[in-house]
Enquirer: 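Before we start, here is the structure in question, set down as structure tokens.
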Amino acid sequence: MQHIDQSKIRNFCIVAHIDHGKSTLADRIIEKTGLLTSREMQEQVLDNMDLERERGITIKAQTVRIVYKAKDGEEYIFNLIDTPGHVDFNYEVSRALAACDGAILVVDAAQGIEAQTLANVYLALDHDLDVFPVINKIDLPSADPQRVKDEIEDVIGIEAQDAPMISAKNGIGIEEVLEQVVQKIPAPKGNPDAPLSALIFDSLYDSYKGVIIFCRLVDGTVKKGTRIRMMATGATADVVEVGYFGAGQFIPCDELSAGMVGYITASIKNVRDTAVGDTVTDADNPCAEPLPGYKKVNSMVYCGMYPADGAKYPDLRDALEKLQLNDASLNYEPETSIALGFGFRCGFLGLLHLEIIQERLEREYNLDLVTTAPGVIYKVYKTNGEVIELTNPSNLPDPSEIDYMEEPIVTAEIMVTTEFIGSIMELCQERRGVYLGMDYMEETRALLKYDLPLNEIIYDFFDALKSRSRGYASFDYELKGYVRSELVKLDILINKEEVDALSFIVHKDSAYDRGRRMCEKLKDEIPRHLFEIPIQAAVGGKVIARETVKAMRKDVLAKCYGGDITRKKKLLEKQKEGKKRMRQVGNVEIPQSAFMSVLKLDDKK
Amino acid sequence: MELYVHIPFCVKKCNYCDFLSMPADDTVKKQYVQALKNEIVFYAESLPEKLETIYFGGGTPSVLLPEQLTELLDLIRRKFDVHPDAEITIEINPATIDYKGLHKLRKVGFNRLSIGLQSVQNDKLLLLGRIHTYEEFLQTYQNARQAGFQNINIDCMSALPGQSLEEYVDGLHKVVALNPEHISSYSLIIEENTPFYEQYANHKELLPDEETDRAMYHETKRILQEAGYFRYEISNYAKAGFESRHNSGYWKRVPYLGIGLGASSFIHGCRTKNISDMKQYILLWLSTNNVLQKSDRCHLVKGSITASDNNYNCAPRAINKNTIESEIENSIKDVLYQQYDEIEQLSIEDAMAEYFFLGLRMIKGVSIQRFETEFGCSVFERFSKELAELEKDGLLLINPDEDRIALTEFGMDVSNWVFEKFI
């Protein structure tokens, strides 16, 4: 059987810092190669979730195959794999990169290199990709392409003088980019006759076809009827269809062979069986070893999610189930809170992932949610030798049973202009950061390196970073490991009753400050009742902060005559409706906004 | 039935006022009076009920000429069956009417005056945007007495910006010294869409705090009680026998007909509110320039929609809120909405809620028996949990022997909290 000539294939991706124009360039490439006319193009074809468009970020990797007729007269097949653009999805990014042979590095001609530029380009170089730079937004008044080229050479160490100068937005210089793809990105070199090995870099659940596996064929071939096995999960299935990616559609073909990028369907019911990073092989003729780099993705951030209206619990469960079909990194299990009723403890890759899921639940499934403060996974070493991975603060064992605890630490890289170094260092210090070092990128910019506890950056670190650098700092991190830490559980008592949904784990040095701010916030959120309500923060039964909601002294309409009655009744109805939606703890009604308000305790007043 | 006549005019709008009221020129006033007359005639024919009380409110009714007011009351007395002992009140503001005017009003049959004083301090009057001084009020009050008014209410306000408890109490003593039959004292409400809202809604610190507000309220009760005034409603005090019968009707859910711009009515369990656009109102009711033939006008009677002639052939039928929206022929609905901004047929739950949130405003509270008679179930069955809880919290006084459920003193301070339970 004749396979497609690998020398005419180019598998590549685009890496960039957020907003540097990655998706726009992808759109132009697709348009230029004639796959879609510009009229048919909706802006940024590859970002196909509403949320992605709104936030201007790519959440799921998207892939498209295009045919390019180069100046040498030959036709080339380009597989463009668009990677997710956020640190939360670093592992997915790494697998998408592993599916490529080269990468286009897009750098903004005005802003130059940013933290994610570096993180992504290093990730690409780690995967032995050939990277060539492209200078984008050259038509901006503030563009300084020569400075950016020098910076790329100095900081990253890759040749940049012949980098295409483009404006993806206005379609300038795209031809040059395509030519360089042909010249600078190597063709794949797999063996089509070897046993099948294909790397899964994404998957999608379709209600008709089941799971659609996105993969890069490294060696061998796969076609309808091949019995495949996922080497890590062990799942097996018979291939129903293979094909490649048109723009926004799947195009079936007879077979996929070494060097190609495409999809496989095999009536698989769950994306958990087709984990990103796993190797697909022929069950009857397996390859000797799986492809390197697979790891199980673990949730890093947890929070409780509860329906605002308790009756919507089944709806929330159904919605989570559906989202999970397409998102193997979303975990959830039922939990019960005394304050919030029935809900779920959900695990996420990071805070952005959490926010995305929350927004999708609210928008696509029309649910009103109350979420508890996000936390990380703590390791609790008990005196009896047992080790617990703690995701819900309420499950913390009695202090007498705890030997010690560990918390996750990340290594963070923060790119910042020199004028803000002081305030950013101060922020990292406040967040219990350990200074590792600083590199100057150029005279005005530096890259700060810190070890930071993950639980200090999942709250509002990003917001704080932005506000203290007037939006100029950029930030990237990766998990380093666990370290022993003096952690305590901070409880909130409202009218002497502990509110489980408000408890969280905090470093003992931050407990007082955090507790005080929580009490202050809650004091403003909880309406006056007929009696005085103490709000207390306590650690191990010892109160460390207190505020008081004063008793209501007056709630009266001085006037109510013939013309007022309908209006006053509506007022009373509205008040009553508001109270209905509150959560009752003991004899205190707590508005849902109180639970949400403590999620963001801005630390600079 | 009670009759309310709305006069939506004033010399100048006060800074705290959100009532339907505006300054207007003589032409508009004249047209408005004519429109009122036509509306009066229309209802006198279609709702021929006996009137127990009549109330001219505003706005400031006394910005109309005494002759105009006289004509209106005259017409009412001729067209309606007015009870010989009817309480007939008119609201006036100081410096808008002189002795002669007052004398005319008294002669035509107004027998109760409600004078808006609000404060005895001229700087506070200025702050409130009032158009008169305390001295002008005194003059008006003396004139009223001389004109023969033997039933006078004085309106006061408490919890004004920058007001201390001492200042307020001092003012109240001055009012008591005048020996009016009735005193209303309202704690300032910051209403939306008023200049005060702009100024104070987000600056509560400029207003007396809740503690001071309540101290003023409690002092009012103490001082007035010593002076022989009996508190019969949250903000109303009267000498024995001088409680406002008209206003008490609102709290007892007596039917009332509202005439005029934006006026509310409560007829046969249906609450309506007249349109509040002056141009439309005048167009609707002026016979010389009407868009609707008189025969096209509708009104709500006995839970049914009745056109004023039989063109629409509406047989009486049971209606509820939804019927109004869905079942009535559109033509009638259109006509109704030319007259009314709001139409609400109360459900039995609505009526029960009103029974409490209106009735409990009165110090003597509500009758246990009457609830049963009116709604066919025992109040202790219907609201057992609510009543027990409110009694336990010291907000309600429940006394079956006296056939009475009433707010306690504390219940009065937080009455909304109590009322909500019955909604």
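What you see is a predicted model, and the numbers here were worked out from it, not measured in a lab. Chain A is the first sequence line, chain B the second, and so forth, proteins listed ahead of strands; every chain is numbered from 1.
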Enquirer: At their closest point, which heavy atom of A:Arg528 faces which heavy atom of B:Trp417, and how far apart are they?
Expert: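 Heavy-atom minimum between the residues: O-CZ3, 4.2 Å.
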Enquirer: Return the CZ to NZ distance between B:Phe357 and A:Lys568, rounded to the nearest 0.5 Å.
Expert: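 Rounded to the nearest 0.5 Å, the CZ-NZ separation comes to 10.0 Å.
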Enquirer: Can you tell me if B:Ser235 uses its side chain to pair, donor with acceptor, with the backbone of A:Ala558 under 3.5 Å?
Expert: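 Yes, B:Ser235 side chain to A:Ala558 backbone: donor-acceptor pair under 3.5 Å.
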Enquirer: So does B:Asp209 get a backbone contact from the side chain of A:Arg553, meaning a donor-acceptor N/O pair under 3.5 Å?
Expert: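 No; zero donor-acceptor contacts below 3.5 Å.
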Enquirer: Counting only heavy atoms closer than 4.5 Å, note whether B:Tyr55 contacts chain A via side chain, backbone, both or neither.
Expert: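 Neither part.
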Enquirer: If you look at every heavy atom in A:Leu572 and B:Phe419, which pair is closest and at what distance?
Expert: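 Taking every non-hydrogen atom into account, CD1-CB, 3.8 Å.
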Enquirer: Does A:Lys523 NZ have over 12 foreign heavy atoms under 6.0 Å away?
Expert: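 Incorrect, the count does not exceed 12.
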Enquirer: Taking every heavy-atom pair that is under 4.5 Å apart, which of B:Leu358, B:Val418, B:Leu20 has the most such pairs with chain A?
Expert: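 It is B:Leu358.
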Enquirer: Should we count OH of A:Tyr365 as having more than 12 external heavy atoms under 6.0 Å?
Expert: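 Buried by this count: over 12 neighbours within 6.0 Å.
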Enquirer: Using a strict threshold of under 4.0 Å (side-chain N to carboxylate O), is an ion pair present between B:Asp18 and A:Arg567?
Expert: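 B:Asp18 and A:Arg567: salt-bridged.
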Enquirer: Under a 4.5 Å heavy-atom cutoff, which of B:Phe266, B:Tyr256, B:Phe410 has the most pairs with chain A?
Expert: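 Option with the top pair count is B:Tyr256.
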Enquirer: Supply the atom-to-atom distance B:Asn416 CG to A:Lys576 NZ, rounded to the nearest 0.5 angstrom.
Expert: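 With rounding to 0.5 Å, CG (B:Asn416) is 13.0 Å from NZ (A:Lys576).
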Enquirer: Do side-chain atoms of A:Lys554 reach the backbone of B:Asp213 as a donor and acceptor pair under 3.5 angstrom?
Expert: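 No, the answer is negative, given that no donor and acceptor are paired below the 3.5 Å cut-off.
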Enquirer: If you tally heavy-atom pairs under 4.5 Å against chain B, which of A:Gln575, A:Lys569, A:Lys579 wins?
Expert: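 So the answer, after comparing A:Gln575, A:Lys569, A:Lys579, is A:Lys569.
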Enquirer: Where does the angle between the aromatic ring planes of B:Trp251 and A:Tyr561 fall among parallel (under 30°), tilted (30 to 60°) and perpendicular (over 60°)?
Expert: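 B:Trp251 vs A:Tyr561 ring planes: tilted.
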Enquirer: Using heavy-atom distances under 4.5 Å, tell me whether A:Ile565 contacts chain B through its side chain, its backbone, both, or neither.
Expert: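 The answer is both parts of A:Ile565.
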Enquirer: Kindly indicate, with the supporting measurements, whether the criterion salt bridge (Lys or Arg N to Asp or Glu O under 4.0 Å) is fulfilled by B:Glu210 and A:Lys550.
Expert: CA-CA 11 Å; B:Glu210 284 190 4; A:Lys550 284 206 272 179; over 6 Å; no
Enquirer: Give the member of B:Ile234, B:Leu188, B:Asn247, B:Ile189 that has the highest number of heavy-atom pairs under 4.5 Å with chain A.
Expert: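 The answer is B:Asn247.
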Enquirer: Give, as side chain, backbone, both or neither, the part of B:Tyr4 having an atom under 4.5 angstrom from any heavy atom of chain A.
Expert: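 Neither part.
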Enquirer: At what distance, to the nearest 0.5 angstrom, does CD of B:Glu420 lie from CD of A:Glu577?
Expert: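 Answer for the CD-CD pair, B:Glu420 versus A:Glu577, is 10.5 Å.
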Enquirer: Please tell me if the side chains of B:Lys273 and A:Thr566 come closer than 4.5 Å, counting only heavy atoms from C-beta onward.
Expert: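 Side chain of B:Lys273 against side chain of A:Thr566, heavy atoms only: no contact under 4.5 Å found.
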Enquirer: Is it the backbone or the side chain of B:Glu2 that comes under 4.5 Å from a heavy atom of chain A, or both, or neither?
Expert: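 Contact with chain A is absent: no heavy atom of B:Glu2 under 4.5 Å.
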